[in-house]
Amino acid sequence: MADIRILAIESSCDETAAAVVSNGRDVLSNIIYSQIDLHTIYGGVVPEIASRKHIEKINPVIEAALREAGCTLSDVDAIAVTYGPGLVGPLLVGVAEAKAIAFAKDKPLIGVHHIEGHICANFIEHKELKPPFMTLVVSGGHTHLVKVVDYGRYEVIGRTRDDAAGEAFDKVARAIGLGYPGGPKIDAAAKNGNPDAIVFPKGKVGDSEYDFSFSGLKSAVLNFLNHAEMKGEEVNRDDLAASFQKAVVDVLTEHAVAAIRQYNVADFALAGGVASNSALRASIAGACAAEGVNFYCPSPVYCTDNAAMIGVAAYYEYIKGNFADYALNAIPNLAL
Ligand code: KG4
Ligand code: ZN
C-alpha cells in the first residue's frame, strides 16, 4: 500500500506549527514558530496578538514543512488541523487555512482534537505503543487522566476542576517573579531548592478519586508569600519552587498509580507541555517501574504544542474515513 502523507496544522495557542507525517508514525517535517517572546512582556498569551501572528506566519511555516518533507501540496493525501479546544481566534486561523488548502487542492480535510494530538505524540518515538493504555495529559490548558481504549476512542477518568497543572506552574512562577512561561523556570529553580522545605496542600478533590484541583495550591503559595512579606521575611524562591512542584507532582503521581491499579493497564504514557517537567517524568517513571508498567513520554519537542502530533492523530481518522466538511469550525471548548 502506498504511504499516506498528511499535512497537519496546529495554531490553538501561541505556536504556529505545520508538519508532514507519513503513515501516522513517521515525521517527515515538524516546523514550530513559537510566539513566546512576543507574549512574555504581558506575562501570558494575548489572544489578539497570537491571532495576528498566526496569520503572518502560517503560510511560511507550511511552506517550510512541505520543503523539509520534500513534497508539494499535490503530494499529500489529506490536510489535518486542530479545531479545538484552544483560543478561538488562533484556532480559526488554522481551520480557515486548512479548509482553503483542502478546497483548492481537492484533498480530504480532517479535524483533530488538541488533547488527542498530545496523546498521539507518544506514537512518534514509541512504535511499539498501541492501545489500550493509560495516559496523563498535562498542559497549560488541560489536566486529564485518560484511558486510551483504541485509536480515537477515549475514556476520561479524571480531570481538573479548576486550573490546569501548567496554568498553576505559570501563575506561581509569575507570583515569585520568575516570568512567563513559568513551567520550565520553576523546573530549573526547583533543582536548587529543597522540596520538603514548605508543605503545601495537595490538589485533591474530596468526592472524586481521580479529579484534580490546583487553585487551592496556587492560593496557598500566594498566602505563603503574603505572610512572609508582612513579616518582612525573605523567601527562598528555589525552596518555594521545589515545594510547590513536589505538591503538583505528588498528586499527579498518586492519581496515575491509582488508575494503573484499578484499570490494570500494561502501559502508561505522559503527554502535554508539563510532561517536559523533570521531576514529574522521574516520579511517574519510578511509579510505573514499581507497578511493573511500561512508561512512555515524548521528547520535549513533541510534548509542547506541535503539528506532528496532529498529523499522527489524523492518520487514524483517515484510515477510518472520518473526514470533515467545509463547515468545520473552531470549537474553543471542544470536549474529548
Ligand atoms: O502543551 P503546551 O505547550 O500548551 C498547551 O496545550 O497548553 O503546554 C504549555 C504548558 C505551560 O503552562 C508551560 O509552563 C508548561 O507547559 N511547561 C512546563 C515545563 N515546560 C513547559 N511545566 C513544568 N515544567 C516544565 N519543564
Ligand atoms: Zn497543548
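Every number for a ligand or one of its atoms is a count from 1 in the order of the listing.
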Contact (N/O only, under 3.5 Å) between D187 and ligand 1: yes
Protein N/O/S atoms closer than 2.8 Å to the Zn ion (ligand 2): H114 NE2, H118 NE2, D305 OD1
Salt bridge D75-R5, side-chain N to carboxylate O under 4.0 Å: no
Numbering as shown, the atoms of ligand 1 that approach H114 to under 4.0 Å (heavy-atom distance): 6 (O)
Nearest neighbour of atom 8 (O) of ligand 1 from the list G273, S278, C13, on a heavy-atom basis: G273
Structural part of D170 in contact with ligand 1, heavy atom criterion under 4.0 angstrom: side chain
Aromatic centroids of F244 and F169 separated by under 6.0 Å: yes
Residues D77 and K107 bridged, charged N to O under 4.0 Å: no
Close-contact set for ligand 1 against G166 heavy atoms, below 4.0 Å: 12 (O)
Proximity of Y296 and F133 rings by center, below 6.0 Å: no
Side chain, backbone, both or neither: V274 near ligand 1, heavy atoms under 4.0 Å: both
Salt-bridge criterion met for R161 and D211 (N-O under 4.0 Å): yes
For G141, atoms of ligand 1 separated by under 4.0 Å from a heavy atom: 7 (O)
Any N or O of G272 closer than 3.5 Å to N or O of ligand 1: no
Within the 6.0 Å centroid threshold, strictly below: Y180 and H39: no
Proximity to ligand 1 by part of H142, non-hydrogen separation under 4.0 Å: neither
cation_pi(K57, Y33) dist<6.0 Å, angle<=45: yes
Residue H118 vicinity, atoms of ligand 1 by number, heavy atom under 4.0 Å: 1 (O), 6 (O)
Any N/O pair E15/ligand 1 closer than 3.5 Å: no
Salt bridge flag under 4.0 Å for residues D170 and R174: no
